[in-house]
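Order of the sequence lines fixes the chain letters, A, B, ..., with proteins taken first and strands second; residue numbering starts at 1 for each chain.
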Protein chains: 2
Amino acid sequence: MKTETKPQETCPVKITIDLISGKWKPNILYYLGEDTQRFGQLQRKIPSISRRVLTLQLKELERDYLIQRKAYLSPLKVEYSLTQEGRSLIPILISMKQWGEVYLASR
Amino acid sequence: MKTETKPQETCPVKITIDLISGKWKPNILYYLGEDTQRFGQLQRKIPSISRRVLTLQLKELERDYLIQRKAYLSPLKVEYSLTQEGRSLIPILISMKQWGEVYLASR
DNA sequence: CGGAATCCCCGTAGATACTG
DNA sequence: CAGTATCTACGGGGATTCCG
């Protein structure tokens, strides 16, 4: 009945949580789930985030293969979009959103 | 600033993440999902956690209504179990576990 | 425009020792 | 058995300034 593995050192749940638990990462992933976004677009949509922190969070998300960075020179700009893996995370974020709404409503 | 952005201040996703992103909380919830656990049982099943930190994480989980604490005097012991809300979180933890396993396998 | 370089604050959690 | 009490280390993230 229980072909259970104990939570290992590399606990998959913990891995998943760590990937998305930056303070602004859910927001960023949310907007990238809607569409490709430029750095400045994200900045405007998340007004309270600083350039520095936005840069850091984007770098981490890119390092973790959840998003892709594309730099252009002609019109100087940078575009971010979800990778396949990032996109596959969206359903989980949606469940968490729904759970969180119920949780907030009941408190 | 009055601009209503879609991910609100009280982003439900962020709430959910924060509730479970203590370093040991997924492990604790995992074991409580199996059965009621005494303090010492949790300690033995998560050997690398200290009593202090286990206490803290349990207190937070209790404060957030995810687990319940029951103290007994006759045989001096304390038992922890999931609340209804905590139990409703398990499916999400399972999705995260599955996603994390795929993620780890592909890297 | 999209960063990089510093500096600082604060919260999480580790180590260790003591207790009802 | 199931905690408390300190003291400390580390790292994320905020504010500000400079750069190709």
Side-chain angles (χ1 to χ4, degrees), chain A residues 7 9-11 13-29 31-32 35-64 66-81, chain B residues 1 5 7 9-11 13-29 31-32 35-64 66-81:
Chain A
E9 280 306 297
T10 60
C11 169
V13 180
K14 195 71 181 56
I15 300 279
T16 308
I17 293 177
D18 288 346
L19 293 185
I20 58 179
S21 54
K23 179 159 180 186
W24 305 99
K25 287 183 185 174
N27 292 278
I28 295 172
L29 292 172
Y31 287 120
L32 291 183
D35 200 356
T36 292
Q37 305 279 339
R38 296 183 51 185
F39 186 91
Q41 288 181 294
L42 288 172
Q43 216 183 169
R44 280 188 294 282
K45 293 183 177 180
I46 313 175
S48 32
I49 195 173
S50 68
R51 279 200 302 278
R52 186 189 98 96
V53 174
L54 179 53
T55 302
L56 287 177
Q57 305 257 309
L58 288 169
K59 265 189 182 168
E60 291 182 13
L61 288 170
E62 191 193 4
R63 178 203 62 195
D64 297 334
L66 296 184
I67 69 173
Q68 257 171 344
R69 198 189 107 113
K70 240 184 183 168
Y72 299 89
L73 292 181
S74 30
L76 185 55
K77 63 173 179 177
V78 180
E79 282 184 354
Y80 293 93
S81 57
Chain B
M1 192 112 48
T5 50
E9 278 306 295
T10 61
C11 169
V13 180
K14 195 71 181 53
I15 300 278
T16 308
I17 293 177
D18 288 346
L19 292 185
I20 59 178
S21 54
K23 180 160 180 186
W24 304 98
K25 287 184 184 174
N27 295 64
I28 295 171
L29 293 172
Y31 287 121
L32 291 184
D35 200 355
T36 291
Q37 305 279 338
R38 297 182 51 186
F39 186 91
Q41 288 181 296
L42 288 171
Q43 216 183 169
R44 280 188 295 282
K45 293 182 177 178
I46 313 174
S48 32
I49 197 174
S50 68
R51 278 201 302 278
R52 186 189 100 94
V53 174
L54 179 54
T55 301
L56 286 176
Q57 306 259 308
L58 287 170
K59 268 188 180 168
E60 290 183 14
L61 288 170
E62 193 193 2
R63 178 203 63 195
D64 298 334
L66 296 184
I67 70 173
Q68 254 171 345
R69 196 190 108 112
K70 240 183 185 172
Y72 299 89
L73 290 181
S74 32
L76 184 55
K77 64 175 180 178
V78 179
E79 283 184 355
Y80 292 93
S81 58

Peer 1: Under a 4.0 Å heavy-atom cut-off, which of residues 35-43 of chain A touch DNA chain C?
Peer 2: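 The stretch gives A:Arg38, A:Phe39, A:Gly40 as the residues lying under 4.0 Å from the strand, ordered by number.
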Peer 1: Working to the nearest 0.5 Å, report the span between CG of A:Asn27 and CG of A:Leu42.
Peer 2: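 One gets 10.0 Å once the value is rounded to the nearest 0.5 Å.
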Peer 1: Examine distances only and state if a side-chain atom of A:Gln37 and a backbone atom of A:Tyr31 form a donor-acceptor pair shorter than 3.5 Å.
Peer 2: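 Present.
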Peer 1: Quick check for you: to the nearest 0.5 Å, what is the distance between B:Glu62 atom CD and B:Tyr80 atom OH?
Peer 2: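 Output value for this atom pair is 6.5 Å.
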Peer 1: Can you give the first and last nucleotides of DNA chain C, 5' to 3', that have an atom under 4.0 Å from a heavy atom of chain B?
Peer 2: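 With heavy atoms of chain B under 4.0 Å away, the range is C:dA13 to C:dG20.
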Peer 1: Pairs of donor and acceptor atoms involving the side chains of residues 52-59 of chain B, under 3.5 Å and at least two apart or interchain, shall be tabulated with distances.
Peer 2:
{"residue": "B:Thr55", "atom": "OG1", "partner": "B:Arg51", "partner atom": "O", "Å": "2.8"}
{"residue": "B:Gln57", "atom": "OE1", "partner": "B:Trp24", "partner atom": "N", "Å": "3.2"}
{"residue": "B:Gln57", "atom": "OE1", "partner": "B:Lys25", "partner atom": "N", "Å": "3.4"}

Peer 1: Give the angle between the helix axes at the two ends of the helix from C:dC1-D:dG20 to C:dG20-D:dC1, taking five base pairs at each end and rounding to 10°.
Peer 2: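 Rounded value for the end-axis angle: 50°.
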Peer 1: Apply side-chain contact (heavy atoms from CB on, under 4.5 Å) to residues B:Leu61 and B:Ile20 and explain how you reach the verdict.
Peer 2: CA-CA 8 Å; B:Leu61 288 170; B:Ile20 59 178; 5.9 Å; no
Peer 1: Using the side chain to side chain contact (heavy atoms under 4.5 Å, CB included) criterion, which residues pair with A:Gln68? Sequence neighbours excluded.
Peer 2: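 Checked A:Gln68 against side chain to side chain contact (heavy atoms under 4.5 Å, CB included); matches are A:Ser81, A:Thr83.
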Peer 1: For B:Ala71 and B:Arg69, work out which heavy atoms get closest and say how close.
Peer 2: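 For B:Ala71 and B:Arg69, the tightest heavy-atom pair comes out as CB-NH2, 3.7 Å.
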Peer 1: To the nearest 0.5 Å, how far apart are OG in B:Ser21 and NZ in B:Lys14?
Peer 2: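 Taking OG in B:Ser21 and NZ in B:Lys14, the distance rounds to 6.5 Å.
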Peer 1: If the sugar-phosphate is the primed atoms plus P, OP1 and OP2 and the base is the rest, what is the B/S/- string for nucleotides 10-20 of chain D, using protein heavy atoms under 4.0 Å?
Peer 2: ---BBB-BB-B
Peer 1: Just verifying a value: how many Å separate A:Glu79 CD and A:Lys77 NZ, rounded to the nearest 0.5 Å?
Peer 2: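 Answer for the CD-NZ pair, A:Glu79 versus A:Lys77, is 4.5 Å.
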Peer 1: To the closest 0.5 Å, what do you measure between CG (B:Leu32) and CG (B:Leu66)?
Peer 2: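 If we round to the nearest 0.5 Å, B:Leu32:CG and B:Leu66:CG are 10.5 Å apart.
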Peer 1: Checking all strands, does A:Tyr80 fall into the base, sugar-phosphate, or nothing category for heavy-atom contacts under 4.0 angstrom?
Peer 2: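 If one applies the 4.0 Å heavy-atom cut-off, A:Tyr80 turns out to touch the sugar-phosphate alone, with no base involved.
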Peer 1: Under 3.5 Å, side chain of B:Gln41 to main-chain N/O of B:Arg38, donor-acceptor pair present?
Peer 2: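 Present.
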